[in-house]
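Both backbone and side-chain heavy atoms feed into the values below; hydrogens, waters and symmetry mates do not. Below, read A as the first sequence line, B as the second, and so on, with proteins coming before strands; counting in each chain starts at 1.
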Amino acid sequence: MKRDELSKVREEKLNKLEEKGVEPFSNKFSISCSLSQVNQQFKEFEGKPVKVAGRIMSVREHGKSTFMDIQDKDSKVQVYYKLDTVGQETYEILQLLDIGDHIGVSGEVFKTRTGEITIVAKELLPLTKCLNPLPQKWYGLQDVETRYRQRYLDLVMNGEVKDIFLTRSKIITGMRSFLNKHSFIEVETPMMQPLPGGALAKPFITHHNALDIDLYLRIAPELYLKKLIVGGYEKIYELNRNFRNEGTSTRHNPEFTMLELYWAYADYEDLMEFTEQMFNELVKETKGSNEVIYQSQKISFPEKWERITYAEAFKKYCGIDVEKDSEEQIRKEAKKKGVDADDSFWHILDSLFKKFAIPNFIQPIFVTDFPIELSPLAKEKKGSEGKIVERFQPFIGALELGNAYTELNDPREQEKRFKKQTQMRDKGDEEAHPLDKDFITALEYGMPPTAGLGIGIDRLTMLLTDSKSIRDVILFPLLRPEA
RNA sequence: GGGGCAAUAACUCAGUUGGUAGAGUAACGGCCUUUUAAGCCGUGAGUCGGGAGUUCGAAUCUCCCUUGCCCUACCA
């Protein structure tokens, strides 16, 4: 049957309800308890009157009596009504109910002889009519495209999807309370920026009419947050969206949620410990243990995570000595390994690392001490002769979950780095960091020694919900509009 | 951007070597007052993603397009 024919049937029922004086879209229905309360505290509720509400998920008619399952935010209860108790007139009205309708039920709690917790209805009224047929109950909604485009249907039909976003909420709440507990202050900085900075990525561009200026959706809040450290805050964080004008993949959505925190008088070593603590606590809170299964792999969160330097990882997984091997040698090796050798040298290194090293980082690990060329905002490591920065990235389940470093606070050095980036930009590197004079000025006023950390909330949620694709942890992932 | 796979009823899916489209669920009608993937009897339901081609004949073969998924590239 065509969709509109099915909807027409429902519209006719709606009309009949109105004819009978029943409002098919109510303003209010006060419940006395939730369905999970009825289920969990059955003994206290047994034989007592309750008022509950929910969406009809299935109906079993038996002539002069009817069973239906109703579902609310997190639970399901059977409702039962019979001709005897509701009367002929009401029973006829109830024939006009459909799967998908929201109803309010007043009745008494009991158990059927098969042991099912049930509410026998004294009064039962439609709260909201559902005009479109719901997907079928047994197989739920499988079609991936419909699940993303009409996420509400996915949530109605697939309970485990609701759980994923519940976990996401727990992660964000848990993170905020962890940070607040450690005296961090939540701040908000511009999402629309005249100059996009703080990361190496392509921005979205937009326009402000009154000022007649182009603005960029932020690729990161980093530079603004550091200005606040200059201003005298010592522990701050921002937990919100970033936007990057890039392709999508199972690990990338153009808008994604990031935690960034800055901590004055700390360095990246302090932050590694802080990150361990925060992750370990979040895992415990959301999973109830210090273990997670991600894509069939068991991941344990020890008190102290493994650490490996970028150079060590290169040696171990790519067979390349980044400190000693010449650029020519490395390019040759890259070509042998199937990595595009025409790219700029640092991109080749990055590609090699992603292809050969990252897949091995299943258990929690910090990769530390990156080459300076890949990190224009990080402070150089003492004694590294300007080659290496104090930076780390946490990896778990082969997912890159964040990025952190001791912040570069020398305005002269920062300007030099920006100029180098500008040269790369002139050579066609669209992602090179633009020179931000305002930021340099801020640094000239003096930013205390500071460490900064960014955590990808979406990827962390993937890890803790065993999701393969980032689209499964974003309620409305970006899709091409339907033709 | 490149490659692979997919799209059939509202939902979940079958559909053989090319021969005029099928099931279950949902819907509608009937029977049924403790069922639970209720059951039984009956009815209706389709631009086979879109377009072109090959053919006497296309859901099926070819090409183009659309959308999605996976891989890859780009991207911390």
P gap between B:C61 and B:A23, integer Å: 24 Å

Tell me which residues in residues 66-91 of chain A lie within less than 4.0 Å of RNA chain B, going by non-hydrogen atoms. A:Phe67, A:Gln78, A:Tyr80, A:Lys82, A:Asp84

Rounding to the closest angstrom, what is the interatomic distance between B:G46 and B:C41 at atom P? 24 Å

A:Tyr405 meets the ring-ring contact (aromatic ring centres under 6.0 Å, His included) criterion, sequence neighbours left out, with none

What is the distance from CG of A:Leu131 to P of B:A10, rounded to the nearest Å? 17 Å

Please work out if A:Thr250 contacts a base, only the sugar-phosphate, or nothing of the nucleic acid, heavy-atom cut-off 4.0 Å. sugar-phosphate

Strictly by Watson-Crick or wobble contacts shorter than 3.5 Å, is anything paired with B:U16, and which nucleotide is it? none

Distance, P atom - from B:C31 to B:G68, rounded to whole angstrom: 48 Å

Separation of B:U66 P from A:Arg480 CZ (nearest whole Å): 8 Å

Salt bridge (Lys or Arg N to Asp or Glu O under 4.0 Å) partners of A:Glu333, counting only residues at least two apart: A:Lys336, A:Lys337

P gap between B:A58 and B:A73, integer Å: 43 Å

Side chain to side chain contact (heavy atoms under 4.5 Å, CB included) with A:Glu160: which residues, sequence neighbours excluded? A:Asn158

Whole angstrom value for the distance that separates P of B:A10 from CG of A:Asn132: 12 Å

Could you tell me how far apart A:Glu145 (CD) and B:U8 (P) are, to the nearest whole angstrom? 11 Å

Who pairs with B:A21 - Watson-Crick or G-U, where each distance is under 3.5 Å: none

Atom pair distance, as rounded to whole Å: CG in A:Asn245 and P in B:G1: 13 Å

More than 12 heavy atoms of other groups within 6.0 Å of A:Tyr148 OH: yes

For nucleotides B:G42 and B:G4, find the distance between their P atoms and express it as a whole number of Å. 49 Å

Can you tell me which residue pairs pass the side chain to side chain donor-acceptor pair (under 3.5 Å) test with a partner in residues 121-130 of chain A, sequence neighbours excluded? A:Asp98-A:Lys129, A:Asp101-A:Lys129

A:Asp472 CG to B:C69 C1', straight-line distance once rounded to whole Å: 11 Å

Establish whether the base of B:U36 is bridged to the side chain of A:Glu116 by a donor-acceptor pair shorter than 3.5 Å. yes

Selected nucleotide, minimal atom distance to A:Glu431 side chain, candidates B:C74, B:A10, B:U35: B:C74

Partner of B:U62 under the Watson-Crick or G-U wobble criteria, both distances under 3.5 Å, comes out as B:A52

Closest approach to the side chain of A:Arg60, judged atom by atom: which nucleotide of B:A73, B:C70, B:A38 is it? B:A38

Nearest-Å distance once atom P is located in both B:U17 and B:C13: 23 Å

When rounded to whole Å, the CZ to P distance for the pair A:Arg471 and B:G68 reads 9 Å

Whole-angstrom distance between B:G30 and B:C11, as gauged at atom P: 27 Å

Against the side chain of A:Phe110, the closest entry in B:U34, B:A73, B:A10 is B:U34

Contact list for residues 353-367 of chain A, test side chain to side chain donor-acceptor pair (under 3.5 Å), sequence neighbours left out: A:Asp350-A:Lys354

Reckon A:Gly454 touches a base, only the sugar-phosphate, or nothing at all at heavy-atom distances under 4.0 Å? nothing

Sticking with atom P, work out how far B:A21 lies from B:A9, rounded to a whole angstrom. 14 Å

Side chain to side chain contact (heavy atoms under 4.5 Å, CB included) partners for A:Pro190, two or more places apart: A:Gln193, A:Tyr224

Counting primed atoms plus P, OP1 and OP2 as sugar-phosphate and everything else as base, spell out the protein contacts along nucleotides 20-27 of chain B at 4.0 Å heavy-atom distance: B, S or - for each nucleotide, 5' to 3'. ----BBSS

Run A:Lys202 and A:Glu431 through salt bridge (charged side-chain N to carboxylate O under 4.0 Å, His left out) and show every step you take. CA-CA 6 Å; A:Lys202 277 176 242 168; A:Glu431 279 101 36; 3.7 Å; yes

When both hydrogen-bonding distances must be under 3.5 Å and the geometry is Watson-Crick or G-U wobble, what is B:C69 paired with, if anything? B:G4

Tell me, please, which residues at least two apart from A:Tyr80 pass ring-ring contact (aromatic ring centres under 6.0 Å, His included). A:Phe67

According to side chain to side chain contact (heavy atoms under 4.5 Å, CB included), who are the partners of A:Lys468, at least two apart in sequence or on a separate chain? A:Gln295

Base of B:U35, side chain of A:Thr112 - is there a donor-acceptor contact under 3.5 Å? yes

By nearest-heavy-atom nucleotide on RNA chain B, the more 5' of A:Ser58 and A:Leu479 is A:Ser58

Closest-nucleotide ordering on RNA chain B, the 5'-leading residue of A:Ala404 and A:Thr114: A:Thr114

Return yes when atom CZ of A:Arg241 has more than 12 non-hydrogen atoms of other residues, nucleotides or ligands closer than 6.0 Å, and no otherwise. no

A:Met192, CE atom: more than 12 neighbouring heavy atoms under 6.0 Å: no

Take the protein atom CD1 of A:Ile117 and the nucleotide atom P of B:U35, then report the distance between them rounded to whole Å. 17 Å

Once you apply the 3.5 Å cut-off to both distances, tell me the Watson-Crick or G-U wobble partner of B:A27, or none. B:U43

Within the supplied structure, the quantity of interest is the number of heavy atoms (other residues, nucleotides, ligands) at a distance under 6.0 Å from A:Tyr139 OH; does it exceed 12? no

Scan every strand shown for a Watson-Crick or G-U wobble partner of B:U34, both distances under 3.5 Å, and answer none if you come up empty. none

Mind checking ring-ring contact (aromatic ring centres under 6.0 Å, His included) for A:Phe274 and listing every partner two or more places apart, or none if nothing turns up? A:Phe178, A:His182, A:Phe184, A:Trp263

RNA chain B contacts made by residues 148-163 of chain A, counting heavy atoms under 4.0 Å: A:Tyr148, A:Arg149

